[in-house]
Amino acid sequence: MKKSVLEDLFYGNIEPMDIKSELSDEVLLKGSLLFENENSFSQDLSKEKEEEFEELTKKWLDYNLANCSHYFIVGFKLGAKMMKDILEEDK
């Protein structure tokens with residue numbers, strides 16, 4: 001018997017990061033420009049400054065991950081509230 005999506009979620013069988021999806025052209029373009037600018041910028045840095053830049057980049061990535069996680073949770077809760085309201089209307 002096939003499990004429901006909620007059962008899969010409960011048992012940890014759903015991993016959103018493993019879901020294959022294609023990035024939009026906008027995201028691909030912005031990523032490409034970012035990496036080009038980062039490479040150009042870091043070529044002009046001394047070894048010491050390059051290491052400082054790498055540390056700063058790691059801290060930015062940590063912050064960005066925490067921020068994305070926060071807004072994912074906020075959005076998920078909002079979606080759940082919307083579904084609750086919709087389902088209650090049917091009663």
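Predicted, not measured: the structure shown is a model, and the values here were computed from it.
Here OG of Ser32 is found 9.5 Å from CG of Asn37. Values are rounded to the nearest 0.5 Å. For the atom pair NZ (Lys81) and CZ (Phe76), the distance works out to 13.0 Å, reported to the nearest 0.5 Å. The CG atom of Leu45 lies 11.0 Å from the CD atom of Glu48; values are rounded to the nearest 0.5 Å. The CD atom of Glu51 sits 12.5 Å away from atom OG of Ser42, with the distance rounded to the nearest 0.5 Å. From Asn67, atom CG reaches atom CG of Asp62 across 12.5 Å, with rounding to the nearest 0.5 Å. Note: Asn13 CG to Glu7 CD = 9.5 Å, rounded to the nearest 0.5 Å.
The pair Glu55-Lys59 fails the salt-bridge criterion, with no side-chain N (NZ, NE, NH1 or NH2) lying under 4.0 Å from an Asp/Glu carboxylate O. Residues Lys58 and Glu54 are not paired through a salt bridge, judged by the lack of any N-O separation under 4.0 Å between the basic side chain and the carboxylate. Using a 4.0 Å cut-off between charged nitrogen and carboxylate oxygen, Lys47 and Glu50 do not count as a salt-bridge pair.
In this structure, Leu56 shares a hydrophobic cluster with no other residue, the cluster being traced through Ile, Leu, Val, Met, Phe, Trp and Tyr side chains under 4.5 angstrom apart.
Enclosure of atom CG in Asn64 by more than 12 non-hydrogen atoms of other residues, nucleotides or ligands within 6.0 angstrom is indicated. For Phe72, the CZ atom sits in a loose shell: 12 or fewer heavy atoms of surrounding residues, nucleotides or ligands are nearer than 6.0 Å.
In this structure, the side chains of Ser69 and Leu65 stay at 4.5 Å or more apart for every pair of heavy atoms.
Checked by atom type and distance alone, the side chain of Asn39 pairs as donor or acceptor with a backbone atom of Phe35 at under 3.5 Å.
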